[in-house]
Amino acid sequence: LAVLFLLVVTTPVWASASVSRLVVDALVLVAVAQLWSYLAGTAGLVTLGAHGFAGVGAYALWTLSERGGINPVVAVAGAGVVALLVAAVVGPLVLRLAAVPAALATWVVAAVCTEVVTRTSQVGGGEPRRVIQPVVDLGSSRDGMASWLAVVLGVGVVVLVYGHRRSRYGLALVAFADDPAVASGLDLPVAGARRTAWLVAAAAAGMAGAVAHFRTGEVAPSAFDPAVWTYPAVAVAGIGGLSTVEGPFLGAVLYVLLHEAISGHDQAFAVVMAAAGVVGLVVGPDGWWGWARRALPFEPLPVRRRPSR
Amino acid sequence: LEDWFRVAALALVAGVGTGLVAAALQAAYRHGRQLDLLPVVTAAAGAIGAARLAGDSQLDRLVGGLVLVPAAVLVGVSVHRLVADRPRSGGTTTRLIVVPLAVAVLGSSLLTWWTGDRIFPPALRGRGLRFRNVSVLTWAELVALASGVVALGLLALLVARGRTGLRLKAERDAPELLPLVGVDPVRVEARMAGARAAAGTIGGLLLSVSGSVPGPGLDDVGLRAGEAFLVGGTSRPTGALAGGVAVELTRALAERAREGWGPAAGHVLTLLVVTARLVRSRLIRVPEPEVLEEQLG
């Protein structure tokens with residue numbers, strides 16, 4: 001795992017253009033899937049609207065760099081802020097609902113974002129596709145920059161989730177998932193922890209959408225496609241499970257590698273991965289990775305705390 | 001004016017279809033707090049299957065699609081048998097939401113694979129009720145509307161008063177009771193899952209008859225049914241029906257007023273209703289018994 005991590009972090013230095021493209025795809029999916037799994041597995045919030053925030057991020061990149069004249073690299077971070085702001089506005093609604101209505105509400109929020117953005121020409125909508133000229137003007141350095149942005153995003157999200165999971169906020173969420181009554185009785189900071197996870201997940205999805213379109217140099221309404229963002233996150237949850245940090249990371253990498261291996265058969269690939277996801281989730285909460293993990297003599301990224309003697 | 005009437009009448013048929021799918025979602029939620037999106041998949045499958053296998057007229061599609069209902073029941077029961085309550089060691093969210101969601105994504109992917117990128121033409125409208133020389137509602141649409149209402153009534157009866165519904169209620173209240181009287185809870189739940197899948201298929205047929213054939217992705221029927229569920233509330237099947245009609249009417253009338261903005265109007269209506277519900281529940285929150293006692297002295 002350490003070798004894989006090192007290889008990923010140094011990708012922009014050694015990788016060819018095709019490998020670099022794969023790594024960008026993988027790390028972008030890592031960012032979305034990691035936080036999707038964390039929200040679902042620990043915060044008890046299943047979001048069906050990850051694609052909404054990713055799309056908002058993609059179009060925010062166009063708006064900020066093309067219209068606002070902001071440096072495209074800075075605009076990627078700005079896209080995360082825009083997605084975070086959207087999440088902050090709808091957060092009080094979503095976080096107060098029970099799990100099932102909340103999941104459906106996130107779906108509706110994503111649909112509203114899709115409709116509003118793709119129909120408003122001021123933010124890039126109204127056209128089948130928009131070229132992000134400041135990004136295209138970067139020329140040959142664009143691929144390298146996209147790789148670095150993906151590395152910062154993907155690795156940053158893994159580190160952030162690991163840190164949050166081990167912090168008292170993460171522990172509060174775990175306690176709440178185990179026994180809500182006891183967690184409430186102990187006055188654990190569950191609401192704050194859920195809110196933080198929700199906002200960070202939205203910002204990360206927004207930046208993921210921005211990075212993915214930074215690489216291609218254009219935005220299109222397909223930026224809001226759930227088959228690109230939300231459904232792969234569900235499949236990755238089946239492969240990597242919901243309760244570990246390294247599981248979604250490995251699941252996302254495997255997902256992108258398999259996609260590359262059988263490219264050109266997207267619909268069959270979607271069926272295979274969805275089936276793998278279902279089987280992985282049905283056999284255990286840790287998915288396919290849970291099986292492999294049990295055979296290991298150590299925990300790759302331990303998140304459990306053992307009481308001191 | 002005639003055209004507005006026609007749009008509203010078709011939206012009513014679509015609304016009953018959407019409401020039926022929403023009632024199926026609601027039944028799963030009411031019983032076990034589950035997000036069962038399989039009725040959404042069977043709705044899309046019913047609509048697409050009827051368009052692909054039956055003729056082009058509304059009646060052909062309606063009759064041809066009804067043949068698919070037993071298949072939907074079989075799928076619902078089988079899927080429930082395979083994945084219900086799994087993973088056994090998983091958390092509540094995983095079992096009740098993530099696994100059913102993954103199953104629905106698989107169903108939707110299979111449907112997309114089957115249909116490819118093909119778009120099916122809307123069913124050809126026949127004769128029916130006319131208003132100022134405009135066909136407002138065809139006989140096939142009327143039959144579809146009646147079938148939808150009957151199906152919803154049967155689902156409501158099954159959930160609330162039927163033997164299956166009473167057993168489900170007993171299981172919810174005292175899970176240890178059913179095995180003692182020789183009832184297998186898994187079988188009861190599987191039967192309910194089959195009924196939900198069937199309701200989804202009939203709902204999909206209504207959508208298919210009343211307008212364009214829904215796409216295979218979850219984000220078409222699923223989103224509409226989810227909105228109807230949120231608008232109509234979680235407690236009564238009639239609420240789901242009202243939610244479905246409200247969402248479809250809003251979409252259709254907004255689309256008629258300004259082309260392309262129909263779906264957005266449905267989404268906004270949903271968010272407004274959910275927000276209003278939350279605000280209302282905060283404003284008129286009933287005090288805890290201890291607080292009430294203290295206030296009353």
Side-chain angles (χ1 to χ4, degrees), chain A residues 37 40-46 48 51 90 92-94 96-101 103-105 107-116 119 177-178 225-227 230-231 234-235 237-238 241-243 267-287 290, chain B residues 25 28-29 33-37 79 82-83 86-99 101-117 217-219 222-223 225-227 229-230 234 260-268 270-271 274-275 277-278 281-282:
Chain A
S37 296
T42 314
L45 182 66
V46 179
L48 298 176
H51 55 281
V90 296
L93 178 75
V94 170
R96 280 204 179 92
L97 293 169
V100 169
L104 294 172
W107 204 358
V108 179
V109 167
V112 170
C113 293
T114 309
E115 293 293 335
V116 171
R119 291 180 189 284
D178 286 347
D225 191 354
T230 306
Y231 303 163
V234 178
L242 295 165
S243 56
Q267 288 167 355
F269 172 75
V271 171
V272 171
M273 293 315 290
V278 171
V279 175
L281 283 167
V282 166
V283 294
D286 291 337
Chain B
L25 300 187
Y29 180 71
R33 297 287 178 262
Q34 191 189 15
L35 178 66
D36 180 17
L37 289 173
V79 168
L82 285 172
V83 304
R86 287 174 191 269
R88 300 218 193 280
S89 56
T92 317
T93 311
T94 311
R95 278 186 290 113
L96 300 181
I97 303 179
V98 180
V99 171
L101 172 64
V103 169
V105 170
L106 173 59
S108 163
S109 305
L110 280 167
L111 213 51
T112 309
W113 194 19
W114 183 48
T115 55
D117 296 325
L218 288 177
D219 51 336
L223 196 53
E227 286 173 351
F229 173 89
L230 291 173
T234 56
W261 286 91
H267 309 326
V268 171
T270 308
L271 290 184
V274 174
T275 309
R277 280 226 177 90
L278 278 177
S281 69
R282 281 178 74 82

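In what follows, chains carry the letters A, B, and so on, assigned in the order in which the sequence lines appear, proteins first and then strands, with residues in each chain numbered from 1.
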**Asked** So what's closer than 4.5 Å to chain A heavy atoms on B:Leu35: side chain, backbone, both or neither?
**Response** both
**Request:** Report the option among B:Gly226, B:Gly266, B:Gly222, B:Gly217 that has the most heavy-atom pairs separated by less than 4.5 Å from atoms of chain A.
**Result:** B:Gly222
**Message:** If I measure from the heavy atoms of chain B, does A:Val100 come under 4.5 Å with its side chain, its backbone, both, or neither?
**Reply:** both
**Per-residue contact mode, B:Thr112 against chain A (heavy atom under 4.5 angstrom)** = both
**Request:** Would you mind checking which part of B:Leu96 comes under 4.5 Å of any heavy atom in chain A, side chain (CB onward), backbone (N, CA, C, O), both or neither?
**Result:** neither
**Item:** Residue, of A:Pro92, A:Gly41, A:Gly277, A:Gly44, that accumulates the most heavy atom pairs under 4.5 Å with chain B
**Value:** A:Gly44
**Toward chain A, the part of B:Leu110 with a non-hydrogen atom under 4.5 Å** = both
**Asked** What pair of heavy atoms forms the shortest contact from A:Val282 to B:Leu82, and how long is it?
**Response** CG1-O, 4.3 Å
**Prompt:** When rounded to the nearest 0.5 angstrom, what is the spacing between CG in B:Leu25 and CG in A:Leu104?
**Reply:** 7.0 Å
**Distance, nearest 0.5 Å, that separates OG1 of B:Thr94 from CG of A:Leu242** = 5.0 Å
**Request:** Return the minimal non-hydrogen interatomic distance between A:Pro101 and B:Phe229, and the atom names on each side.
**Result:** CG-CE2, 4.3 Å
**Asked** What pair of heavy atoms forms the shortest contact from B:Trp113 to A:Val271, and how long is it?
**Response** CE3-CG2, 3.7 Å
